[in-house]
Peer 1: 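This is the structure, below, for whatever I ask next.
Below, each value reflects all heavy atoms present in this structure, side chains not excepted, and no hydrogens, waters or symmetry copies. So you know, we letter chains A, B, ... as the sequences are listed, proteins then strands, and number each from 1. Being a predicted model, the structure only gives us computed values, none of them experimental.
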2 protein chains.
Amino acid sequence: MSKIPHRLYLTEEQIPRQWYNIRADMKEQPDPLINPATMKPAAEEDLYPVFCEKLAHQEMDAATRYVDIPEEILDIYKVYRPSPLIRAYNLERELGTPAKIYYKFEGNNTSGSHKLNSAVAQAYYAKEQGLKGLTTETGAGQWGTALAEACSYFGLPLTVFMVKVSYQQKPFRKAVMETFGANVIASPSDTTAVGRKILSENPNTGGSLGCAISEAVERAVTTEGYRYVLGSVLNQVLLHQSIIGLETKAAMDQLGEYPDVVIGCAGGGSNLGGLMAPYIQDKLTGKGNPRIVAVEPASCPSLTRGKYAYDFCDTGKITPMAKMYTLGSGFIPSPNHAGGLRYHGMSPILSKLYHDGYMEAVSAEQTRVFEQAVRFARVETILPAPESAHAIYTAIQEALKCKESGEAKTILFGLTGTGYFDMMAYSSYLEKTMSDHIPSDAELQIGFDSLPKIPGIQE
Amino acid sequence: MSKIPHRLYLTEEQIPRQWYNIRADMKEQPDPLINPATMKPAAEEDLYPVFCEKLAHQEMDAATRYVDIPEEILDIYKVYRPSPLIRAYNLERELGTPAKIYYKFEGNNTSGSHKLNSAVAQAYYAKEQGLKGLTTETGAGQWGTALAEACSYFGLPLTVFMVKVSYQQKPFRKAVMETFGANVIASPSDTTAVGRKILSENPNTGGSLGCAISEAVERAVTTEGYRYVLGSVLNQVLLHQSIIGLETKAAMDQLGEYPDVVIGCAGGGSNLGGLMAPYIQDKLTGKGNPRIVAVEPASCPSLTRGKYAYDFCDTGKITPMAKMYTLGSGFIPSPNHAGGLRYHGMSPILSKLYHDGYMEAVSAEQTRVFEQAVRFARVETILPAPESAHAIYTAIQEALKCKESGEAKTILFGLTGTGYFDMMAYSSYLEKTMSDHIPSDAELQIGFDSLPKIPGIQE
């Protein structure tokens with residue numbers, strides 16, 4: 001056991017040269033996107049006004065198993081990757097568990113999270129197509145920060161619509177994005193038609209990711225040479241994030257380890273989708289059968305309490321509709337929910353795999369999550385993002401079950417990022433002013449009532 | 001050239017097992033500490049009321065060349081070390097320089113800076129002695145954060161006196177320390193005699209490091225079972241920080257590289273003292289002769305405009321007196337100075353080496369420093385702390401000189417940490433409200449007038 005180091009870094013040569021596309025091994029594909037203009041399945045070309053062409057292709061391409069990572073993207077990956085695989089010796093000792101706990105830490109880059117993996121790819125393809133700029137949305141701010149970094153690297157203008165409640169609570173997140181040259185606008189704003197409409201209906205709204213997406217898409221399609229990019233949910237994002245899992249598996253293989261359980265927080269699904277990629281491949285191809293567990297906040301429980309249905313990806317209902325676990329685009333999570341993981345839907349790939357029994361899902365209340373986050377920080381000396389702390393919480397539960405049963409299971413979880421910009425949330429936890437909100441069935445029904453009707457498909 | 005990776009991580013086995021003590025190779029020693037009670041050189045025992053015994057011994061021990069790092073300290077080093085040595089390919093391309101630029105990045109741990117290297121050591125020795133708690137001061141907050149992490153790991157209570165201007169400007173720094181269980185007090189405070197005295201003389205003061213040191217020392221010596229710890233300046237701190245340089249040299253050796261110039265920011269000297277340690281050894285023992293350059297803020301220019309004189313380490317004049325480059329303990333840097341590097345004095349070891357011609361020193365104005373920090377962040381994707389950016393600024397100057405001369409020099413600098421908690425400073429730079437302050441000779445004279453008189457030694 002002492003042979004296994006605390007941190008294992010692969011070498012630069014061991015950085016994967018290809019992303020892995022889960023869909024190529026899925027026995028059943030996720031249902032197709034529906035174009036709201038035609039109420040028919042969307043074609044790749046239908047996405048060109050919104051996404052740049054290579055990304056639209058990646059979005060629709062279920063057949064290509066491995067996609068070459070362009071050298072220009074690898075050149076940036078090499079600046080901050082491989083990320084470390086950490087053996088949580090200190091946490092194991094703290095818990096007194098016989099379990100072996102590993103985590104893949106994606107917080108060691110300035111953006112502070114795994115989001116940079118896809119931001120770099122999306123900014124690169126946009127630049128390659130000769131676009132003039134990009135738009136996006138950000139909630140907790142990690143995606144916006146990552147994309148601002150990537151765009152500044154490629155010299156590409158960026159406009160970020162930031163969920164208003166985050167914009168107000170996290171002025172320093174905004175400042176980081178501005179340092180990287182981004183234009184940051186609080187959403188809903190009066191700079192778009194959809195923003196003005198939402199403001200007129202609810203002037204005091206703190207905004208939502210779904211609303212910010214609507215504004216970002218509108219701005220992209222109405223600005224010459226601009227396209228929209230999204231940091232989670234999409235198939236293309238899971239493709240890029242597969243680098244997390246591929247590196248993890250290479251490192252675990254090097255150690256002679258294989259996880260009994262793979263745990264990741266799940267908001268839109270980008271981190272878990274990336275971390276689990278090679279392990280889901282094992283399950284789909286019969287080469288291995290680890291448990292895969294998605295952890296979501298009890299206040300925004302799309303997998304555990306949502307419906308598997310077609311829904312819009314945004315509040316303004318201008319994006320294509322996707323079949324996914326969703327709380328309805330009209331669902332707005334409680335404002336006392338800290339951090340990210342507040343999206344109403346879930347990656348269609350994850351949703352399908354969950355629906356087909358390849359994954360489990362659990363939810364956790366935030367005060368319990370922060371309790372374990374502080375415990376983790378004090379022994380592992382990494383202050384986790386609230387999102388990441390959901391995975392920590394569940395990993396600790398699993399490790400404590402091992403303590404009871406005496407089993408020395410191998411637990412792997414994704415530590416997506418650091419909590420430097422979430423100190424208000426930590427303070428409210430420490431001052432005991434943080435509360436939990438579990439939506440009632442009636443509250444959820446409001447969201448479900450917003451689900452679209454699609455003739456012949458979803459009545 | 002393409003064989004050299006972007007980031008080189010040594011393996012866990014390559015983490016140095018010993019610290020290096022520069023004094024063992026110095027031809028002339030720094031002048032001894034003077035005990036203000038006796039006006040005579042202080043003995044090791046004189047320090048016991050303030051420092052724990054092992055640290056007092058390290059402070060006074062100039063003879064032992066290599067000091068074994070206890071296993072318990074290595075166990076934490078392994079959680080976040082080795083830190084990467086990064087080849088700044090992107091920055092080289094941005095500058096169009098033939099120079100090879102390397103930096104040792106110490107920001108990849110939650111404390112966000114190199115300060116953790118000494119915090120872990122100091123907390124360990126305090127715990128080993130059976131102490132009940134520690135006190136310290138923090139300015140920009142990096143040291144306080146690092147020590148809070150280390151103390152929470154060892155289960156040791158900690159009280160941090162935080163310079164009031166930072167306390168007010170950086171509420172999230174305070175929250176991080178509190179998350180790690182520290183008690184944080186704005187300094188000057190009414191909780192100490194020296195704090196009350198300073199407040200009565202200047203009720204509106206924003207505080208200073210020297211003042212916070214006085215409060216922390218008073219609290220330590222008046223609280224049963226408590227001792228005081230300091231994050232820079234001291235010989236013991238340079239000893240612990242030598243791990244930075246030892247790792248750097250091991251990595252550079254592995255690459256077959258040797259620096260022509262070694263650059264570090266210098267406030268109290270802990271980072272540069274650590275980074276340069278094995279290279280100064282080469283200079284002292286005739287094995288190599290790289291230039292060593294300290295970079296300090298123009299607003300707090302202890303090396304470039306200070307006096308080499310005995311001075312108190314604190315404003316309240318209760319600490320031993322050290323011979324060092326100093327602006328006088330009465331010097332208070334301009335409140336518009338952002339970040340750390342605002343200490344009136346300088347490590348006695350660095351001061352002596354500078355005095356004896358082994359080091360150079362330059363100063364830089366903060367607007368120019370931030371200009372290069374933003375430039376660096378955009379290509380290297382690391383948002384540097386303002387302190388670290390001083391080294392970036394000078395490294396870029398050196399690289400641009402190489403561009404003019406066509407020389408392919410090897411430039412090494414220390415990137416001490418990340419700027420996540422300095423976004424107010426970045427914002428003020430971006431909004432062009434940041435200004436520079438170069439103290440006038442008359443302003444400096446106020447500080448010099450506070451220098452102590454020591455019969456027979458300094459009249």
Side-chain angles (χ1 to χ4, degrees), chain A residues 4-13 75-82 84 86 88-90 107-112 116 120 145 149-150 152-153 155 171-176 178-181 373-374 377-384 418-427 429-431, chain B residues 4-13 75-82 84 86 88-90 107-112 116 120 145 149-150 152-153 155 171-176 178-181 373-374 377-384 418-427 429-431:
Chain A
I4 292 180
H6 288 67
R7 292 201 162 194
L8 181 66
Y9 287 97
L10 299 176
T11 65
E12 183 170 306
E13 291 70 40
D75 274 349
I76 315 187
Y77 280 177
K78 288 172 187 170
V79 176
Y80 72 96
R81 304 203 67 84
I86 303 181
Y89 285 119
N90 294 347
N108 266 359
N109 66 72
T110 292
S111 82
L116 192 55
V120 165
T145 304
E149 263 191 70
S152 85
Y153 181 89
F172 296 157
R173 268 286 182 204
K174 170 174 168 281
V176 177
E178 289 173 342
T179 300
F180 285 109
V374 170
R378 289 184 179 180
V379 294
E380 290 287 321
T381 78
I382 293 173
L383 188 80
T418 50
Y420 296 95
F421 290 103
D422 299 284
M423 295 321 302
M424 274 178 71
Y426 273 96
S427 288
Y429 168 72
L430 293 170
E431 292 160 4
Chain B
I4 292 181
H6 287 67
R7 292 201 161 195
L8 181 66
Y9 287 97
L10 300 175
T11 65
E12 183 170 307
E13 292 70 40
D75 275 349
I76 315 188
Y77 280 178
K78 288 172 187 169
V79 176
Y80 71 96
R81 306 203 66 83
I86 303 181
Y89 285 118
N90 294 347
N108 266 359
N109 66 73
T110 292
S111 83
L116 192 55
V120 165
T145 304
E149 264 191 68
S152 84
Y153 181 89
F172 296 157
R173 269 286 182 204
K174 171 175 168 282
V176 177
E178 289 173 343
T179 299
F180 285 109
V374 170
R378 290 184 179 179
V379 294
E380 290 288 320
T381 79
I382 293 173
L383 188 80
T418 50
Y420 296 97
F421 290 103
D422 299 285
M423 295 320 303
M424 274 179 69
Y426 273 95
S427 288
Y429 169 72
L430 293 170
E431 292 161 4

Peer 1: Name the member of A:Asp75, A:Leu383, A:Ile86, A:Asn108 that forms the most heavy-atom pairs with chain B at distances under 4.5 Å.
Peer 2: A:Asn108

Peer 1: So for B:Asn90, is it side chain, backbone, both, or neither that comes closer than 4.5 Å to the heavy atoms of chain A?
Peer 2: side chain

Peer 1: Do the side chain of B:Glu12 and the main chain of A:His6 share a donor and acceptor less than 3.5 angstrom apart?
Peer 2: yes

Peer 1: Side-chain contact, heavy-atom cut-off 4.5 Å: B:Phe421 with A:Met423?
Peer 2: yes

Peer 1: With a 4.5 Å cut-off on side-chain heavy atoms, are B:Arg378 and A:Tyr153 touching?
Peer 2: no

Peer 1: Can you tell me which portion of B:Asn109 sits under 4.5 Å from chain A's heavy atoms? Options are side chain, backbone, both or neither.
Peer 2: backbone

Peer 1: Do you know which of B:Pro82, B:Ala150, B:Ser152 has the most heavy-atom pairs with chain A at a distance under 4.5 angstrom?
Peer 2: B:Ser152

Peer 1: What's the separation between atom CG in B:Leu430 and atom CZ in A:Phe180, rounded to the nearest 0.5 Å?
Peer 2: 11.0 Å

Peer 1: For A:Tyr429, is it the side chain, the backbone, both or neither that has a heavy atom under 4.5 Å from a heavy atom of chain B?
Peer 2: neither

Peer 1: Among B:Ala88, B:Gly155, B:Ser427, B:Ala377, which residue has the highest count of heavy-atom pairs closer than 4.5 Å to chain A?
Peer 2: B:Ala377

Peer 1: Between chain A and each of B:Lys78, B:Met424, B:Glu380, B:Glu149, count heavy-atom pairs under 4.5 Å; write down the option with the most.
Peer 2: B:Lys78

Peer 1: If you compare all heavy atoms of A:Thr179 against all heavy atoms of B:Val374, which two are closest, and at what distance to 0.1 Å?
Peer 2: O-CG1, 3.8 Å

Peer 1: For B:Tyr420 and A:Tyr420, take the angle between the two ring planes, folded into 0 to 90°, and tell me which bin it lands in: parallel under 30, tilted 30 to 60, perpendicular over 60.
Peer 2: parallel

Peer 1: A:Arg7 side chain to B:Val79 main-chain N or O, any donor-acceptor pair under 3.5 Å?
Peer 2: yes

